[in-house]
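Structure first, commentary second.
This structure is a prediction, so every number in the text was calculated from the model and none was measured. For ligands, and for the atoms within them, numbers begin at 1 and follow the listed sequence.
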Amino acid sequence: MIAEKSDDILAQKGLKKPLIIAGPCSAESEQQIMATAAEIPWDEVSIFRAGIWKPRTKPNSFEGVGVIGLKWLQKVQQEFGVQVATEVATAEHVKQALAHGIDVLWIGARTTVNPFQVQEIAEVLQGTDKLIMVKNPVNPDLNLWIGAFERLQQQGINNLMAIHRGFSTYKKEKYRNIPQWQIPLDFRNSMPYIPLICDPSHIAGRRDLVFEISQKAMNFGYDGLMIETHCQPDVAWSDAAQQVTPNSLKQLLHRLRHPHQNDDAPDYLRDIENLRRQIDAKDREILQMIVERMKIASEIGQVKNNHNITIYQPKRWKFIQEHLREIGESQGLSAEFIHRFLSALHQESIQVQNREMTQQSDDADQA
Ligand code: PEP
Ligand code: MN
């Protein structure tokens, strides 16, 4: 049965919210797995993760220990009484993981991009009640992510969860994989009953940035976090720079604030309603001003048409942008927002002017 809200899937699986998943990027040895698991703060963490088959960018790098690692995960299950998770990328991986009683499987970002592979995985998992997590595809394509869930649902798999791990870019950015928060938030609007968790480790790429991303995810109302945790991160065989020690994980979790979705307290309701009324009034004013701006744009279209002038005037556009960026930035707006806002306005103005010109030439044709 399809759950109604994201809390249902967690509750059904006996998992508390926020759901914290921790463990190393890769299983390296039995000793590393057991030493890491022994230090994980189990009061806060519900699932132990470790990659057994690792999708690596280049050949000849460490590609995972394979099936033997599943036995180490079984040992974690037995000794610590916790659920364990690993990544699967082929039907064979799924069969092996199921045969070893792995509780939770996830489809990695490089697999989500490939509908054939997702279909193959969905078919071997048919009807399973295991929890299956799907990471966002490496490219920022919301429908590809949603499509992977639909393939699983079509095979009767309903215990699903989404992991936001950011999106790759060619340009070097602050983060290893840029978060593009709007995409997971749009995902949540399309599939509100699927728990959404954040993987700050793969977004950050650096351990000192893991906290700020985790906090942002909590502020956006995510259901949990998956944080790569290793007993000796500096010598990890994969993703060394982004893994944290179990002790830093504990500190990070204690520092995290957990805003809640709603509050019935009268002073909160009074303050928020008052501010929302003010913001709604401002939004109406902004919209009205945009309507008036478009009327002027339309008149500009007529003038340009009368004088046979092109609509797009790069110099003028450059001037508007620079001038308003200065004013906006000096009052605390971000340059990126100003750019996006003005671009949207400008595009619409150009279309309005274009309509005006087309209209006038149609009229001329008919005269
Ligand atoms: C991982 O979780 O270690 C991993 C390979 O992640 P991703 O699929 O997000 O790159
Ligand atoms: Mn990793």
Inter-residue atom distance L249.CG - T36.OG1, 0.5 Å rounding: 11.5 Å
Electrostatic pair R276-E273, nearest N-O below 4.0 angstrom: no
Atom 6 (O) of ligand 1: nearest protein contact (heavy atom, Å): K135 NZ, 2.8 Å
Numbered atoms of ligand 1 (with element) below 4.0 Å of C25, judged on heavy atoms: 3 (O)
Angle at the Mn ion (ligand 2) (to 10°), with one arm to OE2 of E228 and the other to SG of C25: 90°
N-O pairing of D239 and K54 below 4.0 Å: no
Numbered atoms and elements of ligand 1 in range of G108, under 4.0 angstrom, heavy atoms: 8 (O)
Backbone of G51 reached by a side-chain donor or acceptor of S26 within 3.5 Å: no
Subset of ligand 1 atoms that lie under 4.0 Å from at least one heavy atom of R110: 7 (P), 8 (O), 10 (O)
Sub-4.0 Å atoms of ligand 1 with respect to non-hydrogen atoms of E87: 4 (C), 5 (C)
Contacting atoms of ligand 1, where contact means under 4.0 angstrom from a heavy atom of R49: 1 (C), 2 (O), 3 (O)
Residue A109 vicinity, atoms of ligand 1 by number, heavy atom under 4.0 Å: 8 (O), 9 (O)
Check: N158 side chain, D129 main-chain N or O, donor-acceptor pair, under 3.5 Å: no
Identity of the N, O or S atom of D239 lying closest to the Mn ion (ligand 2): OD2
Distance filter under 4.0 Å to R165 heavy atoms, resulting ligand 1 atoms: 7 (P), 9 (O), 10 (O)
Aromatic plane relationship, F220 with Y222 - under 30° parallel, 30 to 60° tilted, over 60° perpendicular: tilted
Distance from atom 4 (C) of ligand 1 to nearest protein heavy atom, with residue and atom: H202 NE2, 3.5 Å
Approximate separation, where rounding is to 0.5 Å, of M289 CE and I286 CD1: 8.5 Å
Among E228, R165, M226, side-chain contact (heavy atoms from CB on, under 4.5 Å) partner for S201: E228
Proximal ligand 1 atoms for K54, defined as those under 4.0 Å from one of its heavy atoms: 1 (C), 3 (O), 5 (C)
Donor-acceptor pair between S349 and R293 side chains, under 3.5 angstrom: yes
Heteroatom distance test (D239, ligand 1): nitrogen or oxygen, under 3.5 angstrom: no
